[in-house]
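What follows is one structure encoded as structure tokens, with my remarks underneath.
What you see is a predicted model; the values in this text were computed from it and never measured. We number each residue from 1, following the sequence as shown.
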Amino acid sequence: MEATIEDVRRLRLRTFLRGCDDLRAPGDFTVPEAVATTAVRGLLRRGWGVVLVGATAFLVFVTGASLSIDRYDRLMAEGATAEAVVIDTRAGFRGPGSVDVRYTVDGAERTRTMNLHDESPHLVPGDRITVHFDPAAPDDVVAEDITNDNAWFTWLFAFAFIAWVFLLPTGLIAVGRWGLRTRSLRRGGWQRGHVEADQGRVHRISFPGADTPLLVRTTRPVEAGIPREFRTGSVLVGGAGRHRTLVFESGPVLVAAETTG
């Protein structure tokens with residue numbers, strides 16, 4: 001049966017996000033070279049997409065940090081001040097939490113919850129602190145080492161940090177891996193051979209008319225979780241040298257590899 005791009009395994013993010021595997025029972029497929037090339041280019045495009053999302057998250061993180069610092073510095077330098085007393089404290093889910101403070105502005109008593117961060121001082125009820133606030137918006141307060149960012153801003157800030165830390169390097173690795181293999185495919189094209197799976201990551205591939213088999217090693221972590229029966233039989237080998245691409249046709253499963261001998 002001739003495989004289409006929809007038949008090639010391990011290309012869809014939704015299976016990873018749902019925590020399931022898209023490997024079915026081995027089948028009798030023939031993968032056209034055009035389909036294999038489209039699959040490699042699709043992985044390269046996906047890598048660029050992950051880079052774009054990671055870079056956007058990084059910009060959100062940097063912008064959010066800058067806005068938070070600017071607001072804190074402005075209120076500390078230009079805001080009005082008042083003496084406040086801590087009336088309650090709350091521990092955070094996995095962080096410093098928040099405190100309730102009471103202070104007076106223009107004869108009116110106000111109570112405000114102030115969100116803490118990792119460098120905020122340890123406060124208990126009865127402690128007195130000086131708050132700095134915007135005269136036009138007296139509820140917008142900060143204190144020494146207490147930036148008091150909004151909860152939604154803090155969550156967005158944390159999400160953006162986690163997203164760029166994980167996605168940007170992952171995307172750059174994918175772009176490097178599949179970009180190099182896309183260029184290698186342009187030079188070397190595809191060859192069809194027969195593969196014998198080793199217990200580890202090394203595979204022995206023989207080609208019609210060739211006396212010496214090709215030894216290739218799948219690159220980490222793409223070989224993880226691919227059963228032996230999917231890695232035996234007909235295989236498409238693309239590219240050359242350290243930038244090989246394998247398509248095990250019994251899957252079909254596409255993986256990155258490199259020549260090892």
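- With hydrogens and angles disregarded, a donor-acceptor distance shorter than 3.5 Å links the side chain of Arg181 to the backbone of Ala257.
- Between the Arg90 side chain and the Asp100 main chain, no donor and acceptor come within less than 3.5 Å of each other.
- Using modelled atom types, one side-chain atom of Arg244 and one backbone atom of Gly239 make a donor-acceptor pair closer than 3.5 Å.
- Considering Asp139, Asp88, Ile87 as possible partners of Thr111, the one that fulfils the side-chain contact (heavy atoms from CB on, under 4.5 Å) test is Ile87.
- Counted by atom type alone, Glu196 and Thr232 present zero donor-acceptor pairs between their side chains at under 3.5 Å.
- Side-chain contact check for Arg217 and His203: no donor-acceptor pair (N or O, by modelled atom type) lies under 3.5 Å.
- With respect to Arg102 and Glu109, a salt bridge is recorded, a charged nitrogen being found less than 4.0 Å from a carboxylate O.
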Please step through salt bridge (Lys or Arg N to Asp or Glu O under 4.0 Å) for the pair Arg192 and Glu249, ending with a clear verdict. CA-CA 10 Å; Arg192 200 175 302 273; Glu249 292 193 284; 2.5 Å; yes

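- Between the side chain of Ser184 and the backbone N or O of Ala240 there is at least one donor-acceptor pair closer than 3.5 Å.
- For Phe248 and Phe230, the ring centers are positioned 6.0 Å apart or more.
- In this structure, Ser66 contributes its side chain and Val62 its backbone to no donor-acceptor pair below 3.5 Å.
- For Arg183, the salt bridge (Lys or Arg N to Asp or Glu O under 4.0 Å) test picks out no residue, with sequence neighbours left out.
- When only modelled atom types and interatomic distance are considered, Thr56 and Trp164 share no side-chain donor-acceptor pair under 3.5 Å.
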